[in-house]
Each structure stands twice: as C-alpha cells, then as structure tokens.
2 protein chains.
Amino acid sequence: MTKPLVHPAIEDVPVEAILHALSDRHRVALFSQIFHQDNPSSCVTLSCVLDQAIPKSTLSQHMRILREAGLIRGERRGVEMRNTSRHAEVEARYPGLLKAIVSAYAIQLEGK
Amino acid sequence: MTKPLVHPAIEDVPVEAILHALSDRHRVALFSQIFHQDNPSSCVTLSCVLDQAIPKSTLSQHMRILREAGLIRGERRGVEMRNTSRHAEVEARYPGLLKAIVSAYAIQLEGK
DNA sequence: CTTGGTAGTTCAGAGTTTCGGAACTAATGT
DNA sequence: ACATTAGTTCCGAAACTCTGAACTACCAAG
C-alpha cells in the first residue's frame, strides 16, 4: 500500500516555513528548477541540476521539506515521483513571494 | 574599546542567507518592525513587538544573524544600539525580495 | 510466480546549529 | 567611585540535519 504524502493547505503554512524551506542552497536550486519547468520532474532528474551530487536519502529529506512547506506537490507515478510547483496556490495567498525569491536566486547565479 | 560590528556587502550575501535570517518567527517579526520604522530602533524596544518575551542573549544572536545577512545596520549610540534596515541596498541587488517577504508576513498576521 | 532493477523512504547515530542563563563589557548617570 | 542600562560572549543542553544501510513499492523479463 502506497503511503500518503503530506500536502498541507497553503493557509496552514506560515511564511517562516516557506523561507526555511528555501534557505538551503540545494533546496532553493531544486525548487527553482521545478518552478521553471512545465512538466513534472522526478527526483533523480532534479538532483542533476545541483552543482554537487548529494546522497539520495538527503535528497529525499529535501523534497519532503519542500512538500511540507506547501511549495511542491508530489505524486507517485509508477516507480518514480512527479513533482510540480504549487506556485498558483502560494501566489494566491502570498502574492509575489515565490517570484521574488526565484528571481533573486537567478540574479545570484548570474554573478558566478 | 568598542568592538566592530560585521556588516557584509550585499554582493557577498547569498539569497539563502537572507531567507535563513528571515525563516525564524522572531527574526521576521523583528525585521518587519525595523523595515516599517523610519527612525532606528534599539534592541529592547524591538523585543517589545514580539508576541512573547525572549531572553536578551537570544535577542542578541537574532540581531547578529540579521546584521550578518546584510538586512540591517547596527550602530552603537552611547549605551544603546540603533538598528536600521538596509532595504535600499538589498533592493538594488534583489529587487522586490524584501517587500514580498514583509508583505507576506503582514498577510499572515492579518489572519490571526 | 520469481528474480532483478529502479525510484524513493525510513531509521538511527554522528555532526552541527540554536537556545538561554551567568558572567562580562562599555557608556552613562549620581 | 559605584550603580544602572544595553548589549555581547561563553558554554553546556536541546533541537535539528546529514547520510549510510536497510527497506518498500512498482515494473519488466524469464
């Protein structure tokens, strides 16, 4: 039996939790990728965008933190996980927040 | 001898550090207050805006984290510290970021 | 059905970070 | 000189994070 993934309502997520989820260099990179991507990304695919390889148990924890902060939705599709951004929902509650963060991250990358 | 406070150039502050600094309920409350205030606020004054009293050693650490993330500037004036927001500098590097976060925090407060 | 591989999760211990009381410093007032 | 106020530093306890090893879930081939 597939155990259910936790996906809080955005109303139940405090801003601090969103900022905390994105306050890690790996997680902000992973989320930016999902944010810009139109079709869902699997975890393995995602880990390729990171500048350094990380263990899969660590990746799994990072994905859980992003999920529990209401930032992404994860659905099991066969053997892999399809991750999509919950951008629209977060935007409805906290307008401009994710865009500002993702843009800031992009600006930071430019200067490297 | 007054020991010097650390104030990094915004260029040297990664977005993650800013998000980390604001990912704590006390720090985001403190920063929002400084952000909205025109004249500098002392630490004691600031701690009054928190919903619960916190020890002053903890407050001191929180202020240091905000300073080292480039979010505020602290100047000793006699016995107390004058804290001001470095909003303009951060805005120049990461447009819209602080406003989006502070607004999101305000929205969250509304719903309480 | 069984074996094998792939994608991701859970567990538990080591390592790191944060919290907060007590002792400290620095400036000012009496 | 002594007391007071505002903030910092130190350091041990508590809370969090990382990651290897073992595990689950699904799918495909034999």
Side-chain angles (χ1 to χ4, degrees), chain A residues 1-7 14 16-31 33-34 39-69 72-84, chain B residues 1-7 14 16-31 33-34 39-69 72-84:
Chain A
M1 188 51 199
T2 308
K3 62 168 287 292
L5 297 168
V6 180
H7 287 112
E16 306 95 90
I18 294 180
L19 300 181
H20 170 76
L22 297 174
S23 71
D24 174 275
R25 72 201 203 84
H26 294 132
R27 286 194 300 259
V28 70
L30 293 166
F31 179 72
Q33 177 68 22
I34 299 171
N39 20 10
S41 339
S42 73
C43 297
V44 230
T45 312
L46 283 168
S47 72
C48 298
V49 310
L50 299 178
D51 52 349
Q52 58 179 218
I54 61 169
K56 62 178 186 164
S57 55
T58 305
L59 178 62
S60 183
Q61 297 298 336
H62 284 323
M63 297 305 286
R64 187 174 56 79
I65 288 170
L66 290 174
R67 264 197 321 270
E68 296 184 358
I72 63 174
R73 183 174 302 282
E75 286 175 280
R76 276 187 226 278
R77 273 303 167 105
V79 80
E80 72 185 16
M81 182 86 99
R82 296 159 63 96
N83 295 290
T84 47
Chain B
M1 188 51 196
T2 308
K3 62 166 285 291
L5 297 168
V6 180
H7 287 113
E16 305 94 270
I18 294 180
L19 300 181
H20 169 76
L22 297 174
S23 70
D24 174 277
R25 70 200 204 86
H26 293 132
R27 288 194 298 260
V28 70
L30 292 166
F31 179 73
Q33 177 69 20
I34 298 172
N39 21 7
S41 341
S42 73
C43 298
V44 232
T45 313
L46 281 168
S47 73
C48 298
V49 310
L50 300 178
D51 51 349
Q52 59 180 215
I54 60 168
K56 63 180 186 163
S57 57
T58 305
L59 178 62
S60 182
Q61 297 298 335
H62 284 324
M63 298 306 286
R64 186 175 56 79
I65 289 171
L66 291 174
R67 263 198 321 270
E68 296 185 358
I72 62 174
R73 183 174 301 282
E75 285 176 281
R76 278 187 224 277
R77 275 302 168 104
V79 80
E80 72 184 19
M81 182 87 99
R82 295 159 63 96
N83 295 290
T84 47

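Labels below follow one simple rule: chain letters A, B, ... track the order of the sequence lines, proteins then strands, and each chain is numbered from 1. All values reported here derive from a predicted model rather than from experimental measurement.
- Annotation: side-chain contact (heavy atoms from CB on, under 4.5 Å) contacts of Glu16(B) (sequence neighbours excluded): Arg25(A), Val28(A), Gln108(A), Pro14(B).
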Per-nucleotide protein contact string for nucleotides 17-22 of chain C, where B marks a base within reach and S marks sugar-phosphate only (heavy atoms under 4.0 Å, - for neither): -SSBBB
Any N/O pairs under 3.5 Å between the protein and nucleotides 28-30 of chain C? List them or say none.
none

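- Remark: P of dC16(D) and CD of Glu68(A) are 13 Å apart, rounded to the nearest angstrom.
- Protein atom CD of Glu16(B) is 16 Å distant from nucleotide atom C1' of dT17(D), rounded to whole Å.
- Applying the side-chain contact (heavy atoms from CB on, under 4.5 Å) criterion to Thr45(A), with sequence neighbours excluded, gives Ser42(A).
- Spacing between atom CG of Asn83(A) and atom C1' of dT9(C) amounts to 14 Å, rounded to whole angstrom units.
- Computed from coordinates, the Met63(B) CE to dT8(D) P distance equals 8 Å when rounded to whole Å.
- Note: Ser41(A) OG to Arg82(A) CZ = 10.0 Å, rounded to the nearest 0.5 Å.
- Taking atom CG of residue Leu59(A) and atom P of nucleotide dG8(C), one finds them 8 Å apart after rounding to whole Å.
- Between Asn83(A) atom CG and Ile72(A) atom CD1 the span is 4.5 Å, to the nearest 0.5 Å.
- Across the protein-nucleic acid pair, Met81(A) atom CE and dC26(D) atom P stand 12 Å apart, rounded to whole Å.
- The salt bridge (charged side-chain N to carboxylate O under 4.0 Å, His left out) check on Arg67(A) picks up nothing, with sequence neighbours excluded.
- Remark: side-chain polar atoms of His26(B) are not paired, donor with acceptor, to backbone N or O of Ser47(B) under 3.5 angstrom.
- With sequence neighbours excluded, no residue forms a side chain to side chain donor-acceptor pair (under 3.5 Å) with Glu80(A).
- The side-chain contact (heavy atoms from CB on, under 4.5 Å) check on Ala21(B) picks up Ile65(B), Leu66(B), Ala69(B), Leu71(B), with sequence neighbours excluded.
- For the pair Glu80(A) CD and dG8(C) P, the computed distance is 6 Å after rounding to whole Å.
- OP1 and OP2 of dT5(D) both lie 4.0 Å or more from every side-chain N or O belonging to Arg76(B).
- Remark: P of dT10(C) and CZ of Arg64(A) are 8 Å apart, rounded to the nearest angstrom.
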Name each donor-acceptor pair under 3.5 Å that joins a side chain in residues 56-63 of chain A to protein atoms two or more places apart or in another chain, with its distance.
| unit_1 | atom_1 | unit_2 | atom_2 | d |
| --- | --- | --- | --- | --- |
| Gln61(A) | OE1 | Arg64(A) | NE | 3.4 |
| Gln61(A) | OE1 | Arg64(A) | NH2 | 2.8 |
| His62(A) | ND1 | Arg27(A) | NH1 | 3.2 |

